Each structure stands twice: as structure tokens, then as C-alpha cells.
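Below is one structure, written out as C-alpha cells, with a few remarks after it.
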Amino acid sequence: AAKGGGRGRFRFYSSDLHQAAEDRRALEEDLRDALARGQMELSYQPVVHSQSNMVTGVEALVRWLHPERGIISPSMFIPIAEEANLIWPLGEWVLRKACEDAARWPGGLRVAVNVSPIQFANENLPKIVANALAATGLSPDRLELEITESVFLGDSAETARMFKALKGLGVRLALDDFGTGYSSLGYLQSAPFDKIKIDQSFVRGATEKGSRNAAIIAAIVALAEALDMETTAEGIESLDQLDLIRKLGVSHVQGYVYSKPVADGELVEHAEAGSWTIKPSGPAKQRND
Ligand code: C2E
Ligand code: MG
Ligand code: MG
Ligand code: MG
């Protein structure tokens, strides 16, 4: 325990750090076997057209059902997978499973898959995407790859080649978490995105008085429209936020106000019923994610 300061305090932090490192190592070890043991699962969150309430697609979000720790969030284990060289098998599994599921959905729902910058930096990515499409029979225009701004930190000639190869497959590309990375707007000129996803951090607080977030969102919408890209606002939780987002002209919405991520089976039921709309509802019903 940290009594006083000096050496005691040092020892406290040092053993704390030690514990954290041990925890992480244990998690990394478990992660190595998680795929083979069938502990990974995909959840799908509806993406809704903001004016019509029609579901146009879903985003695949991976969950780890750990036998002792319960459900572990991807924001916890994806960074570990990236560092431990496990993102490749994991990313390939996610891609294959999402395409496999989507190929069965009626109504041509689109599926969005998150692609780690580490995957993006590997020249085999287009082949792996092509294989997933071929093996599952999913039409390429029903697959959307979500990429973050950090890919633009890499070699720009290689990045451009990767974009060209992926677009050549006929898949859609979305720029995820827009505005939170090292955004140099220059890259938008040449990068062939179909959609910009406006990060939750801009939505949060946007309805508060004096907030500048609404102005920023409006500017992003204008930019996207000028470049002929769709927009999706992430993390919309309340009816007030939805109202504002609609007024600002954001074309699509993803958030608890419409639906939390759901299991594949639940999607199939809805999609089978024909064109699928969701009635938005405020905070009371959520938080059982
Ligand atoms: P993301 O791609 O930006 O995904 C959106 C996150 O926001 C998801 O968190 C989703 O559950 C959450 N979310 C959706 N609506 C709301 C809302 O109304 N309120 C709040 N507070 N949150 C909402 P999740 O599933 O925990 O995923 C976190 C991140 O992990 C993702 O952020 C993505 O970067 C990464 N991730 C998830 N699945 C994969 C995957 O298969 N591969 C890779 N490489 N990364 C993944
Ligand atoms: Mg995403
Ligand atoms: Mg995002
Ligand atoms: Mg995010």
C-alpha cells in the first residue's frame, strides 16, 4: 500500500503495474486459443436511414465470451490482438463470419466490418476479402469495410494502392471515428470513401446549450455532401440527439436510440418481415447491451 510517499508509493505503483502486465499476459494467452475454442461471437448493430427509420445495413461488432471473465469488449482485446499478432486470424474470422451471415439475410442488408490499421497495412488484405466474398457468395456491394484515419499515417503510395485494390473488388469503404484521429483533410481528396462515420464524441454534448459540436457536425455533413459521401452519426442515445442529427442533415444513424447490437438470429427475423423500420426510443429502454 502507498503510505506517505517515497519508496512506499513507488512500490505501490510498481506492483500495480506488475499486476496489470500479468493480467494482460494472461489475457493474451487466452486470446491465442479463443478462436479455436469458439469463444468469439459477432453482434450486429442496425444502421438506420435517419429520415425514414429504414434499416439499410448493420455493423458487425466482435465480442469475446471468456469462460471466466464473461463478455469482454473489443476495445479491451483488439489492441492486445494487434500487438500479439493475433489480429490476422481474428480479422479473417470476423470477415468470413460476417459475409457468411449476411449472405443468408433476406432483403439485401449491408454488413459493415471493422478493419484494423494493421490488417490494412498488409498487402494480402484484398485477397482475403475476395476469398471471403467468393466462399460465401456475398455480393461485394453488400460489404462495407470500416477504416480509421490512422491508415493515412502509413506510406501514402501503399495506402493508395490498397484503396485501389479494395475498390476494385467492388466493396464499399467507410471512414470510421472521423475527426478523432490525425485528420489532415487532404487525404479525403483522393481516398474513395462511400461514407464518413461521425464519431460519438461529437454527438455527445451536441444538444447542450453553447456547444460547438453541432457546428462541427454541420461542417462534416457539408464536406461529405460535396465529396458525394454518405454520413452516419455514431452513438445516438436520445431522441433529442436524433432530432438534432436529423436537422443537421446526417443521412444515417447508429445508436441505442434505435437499437443496441443484436444477435444474428434476431436480425434474420426482422429482415424476413420485409423492409425493416425501427421506431426510435429514448434512454429508458437501453443499457442492457
Ligand atoms: P466502432 O467501430 O466505432 O463501433 C461503435 C461502438 O459504439 C461499438 O462498441 C458500439 O457497440 C458502440 N455503440 C453503438 N451505439 C452506441 C450508443 O448509442 N451509445 C454508446 N455509448 N455506444 C454505442 P463496441 O462494440 O464495444 O466496439 C468498440 C470498438 O472496437 C469499435 O468501435 C471498433 O473500433 C472495435 N471493433 C469492434 N469489432 C471489431 C472487429 O471485428 N475488428 C476490429 N478490428 N475492431 C473491432
Ligand atoms: Mg466501426
Ligand atoms: Mg466508430
Ligand atoms: Mg468508435
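Just so you know, residue 1 is the first one in the sequence shown, and it goes up from there. All values below were derived from every heavy atom in this structure, side-chain atoms included, with hydrogens, water molecules and symmetry-related copies excluded. Only a predicted model underlies this, so the values are computations on that prediction, with no experimental measurement involved. Whatever order the structure lists them in is the order used to number ligands and atoms, beginning at 1.
For Lys197, no heavy-atom contact with ligand 1 is shorter than 4.0 Å. When heavy-atom distances to ligand 1 are checked against a 4.0 Å cut-off, Ser43 has no atom that comes that close, whether in backbone or side chain. Under 4.0 Å from ligand 1, not a single heavy atom of Leu90 appears. If you look at Gln200 next to ligand 1, the close heavy atoms, those under 4.0 Å, all belong to the side chain. Within the 4.0 Å heavy-atom criterion, both parts of Asn114, backbone and side chain, lie near ligand 1. At a heavy-atom cutoff of 4.0 Å, ligand 1 is contacted by both the backbone and the side chain of Leu61.
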*asked:* Walk me through whether Asp264 and Lys97 qualify under salt bridge (Lys or Arg N to Asp or Glu O under 4.0 Å).
replied: CA-CA 11 Å; Asp264 169 53; Lys97 176 80 167 97; 5.1 Å; no
task: Go through Leu27 and Trp64 one step at a time and tell me if the side chain to side chain contact (heavy atoms under 4.5 Å, CB included) criterion holds.
output: CA-CA 11 Å; Leu27 215 53; Trp64 180 7; 4.0 Å; yes
| said: Please evaluate residues Lys197 and Glu144 with respect to the criterion salt bridge (Lys or Arg N to Asp or Glu O under 4.0 Å), reporting the C-alpha separation (whole Å), side-chain torsions for both, the decisive distance (0.1 Å), and the verdict. | reply: CA-CA 12 Å; Lys197 299 191 78 174; Glu144 186 165 84; over 6 Å; no
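Residue Gln254 places no N or O, backbone or side chain, under 3.5 Å from any N or O of ligand 1. For a threshold of 3.5 Å applied to N or O pairs, the pair formed by Arg204 and ligand 1 contains no separation below that value. Inclusion of Val62 in the set of residues having an N or O under 3.5 Å from an N or O of ligand 1 is warranted. Considering backbone and side-chain N/O atoms, Gln119 never comes within less than 3.5 Å of an N/O atom of ligand 1.
Within 6.0 Å of CG in Asn85 there are 12 or fewer heavy atoms belonging to other residues, nucleotides or ligands. More than 12 non-hydrogen atoms from other residues, nucleotides or ligands lie less than 6.0 angstrom from CG of Leu65. For Asp23, the CG atom is densely surrounded, since the number of other residues' heavy atoms within 6.0 Å is greater than 12. Counting heavy-atom neighbours within 6.0 Å of Arg104 CZ, excluding the residue itself, gives a total above 12.
Using a 4.0 Å cut-off to heavy atoms of Ile78, the atoms of ligand 1 that qualify are 42 (N), 43 (C), 45 (N). Numbered from 1 in the order shown, with element, the atoms of ligand 1 that lie under 4.0 Å from a heavy atom of Gln45 read 14 (C), 15 (N). Close approach to Asp176 involves these atoms of ligand 1, each under 4.0 Å from a residue heavy atom: 1 (P), 2 (O), 3 (O). With ligand atoms numbered from 1 in the order given, ligand 1 contributes 18 (O) to contacts under 4.0 Å with heavy atoms of Ile236. Ligand-side atoms of ligand 1 in range of Pro261: 11 (O), range being under 4.0 angstrom from any heavy atom. Ligand-side atoms of ligand 1 in range of Glu237: 17 (C), 18 (O), 19 (N), 20 (C), 21 (N), range being under 4.0 angstrom from any heavy atom. Residue Gly255 approaches ligand 1 through these ligand atoms, each under 4.0 Å from one of its heavy atoms: 15 (N), 18 (O).
Listed for the Arg142 side chain is a donor-acceptor partner under 3.5 Å among the backbone atoms of Leu109. The closest donor-acceptor contact from the side chain of Asp194 to the backbone of Leu173 lies under 3.5 Å.
Taking CZ from Phe178 and CD1 from Ile217, the interatomic distance works out to 12.0 Å, rounded to the nearest 0.5 Å.
Partners of Glu22 under the salt bridge (Lys or Arg N to Asp or Glu O under 4.0 Å) rule, at least two apart in sequence or in another chain, are Arg25. Partners of Thr207 according to the side chain to side chain donor-acceptor pair (under 3.5 Å) rule, which considers only residues two or more places apart in sequence or in another chain, do not exist here.
Heavy-atom minimum distance, Val221 versus Gly249: CG1-O, 3.8 Å.
Residue pairs meeting the ring-ring contact (aromatic ring centres under 6.0 Å, His included) criterion with at least one member in residues 127-165, sequence neighbours excluded: Phe120-Phe163, Phe152-Phe163, Phe152-Tyr187, Phe163-Phe193.
When hydrophobic clusters are built by joining Ile, Leu, Val, Met, Phe, Trp and Tyr residues whose side-chain heavy atoms come closer than 4.5 Å, directly or via intermediates, Val257 is not grouped with Met54.
Ligand 1 has no atom lying under 4.0 Å from any heavy atom of Gly91. In this structure, Glu59 counts as a contact residue of ligand 1, since one of its heavy atoms falls inside 4.0 Å of the ligand.
For atom 26 (O) of ligand 1, the candidate residues are Ala60, Pro74, Ser116; the nearest heavy-atom contact is made by Pro74.
Side-chain contact check for Glu59 and Asn114: at least one donor-acceptor pair (N or O, by modelled atom type) lies under 3.5 Å.
Of all protein N, O or S atoms, those under 2.8 Å from the Mg ion (ligand 2) number 4.
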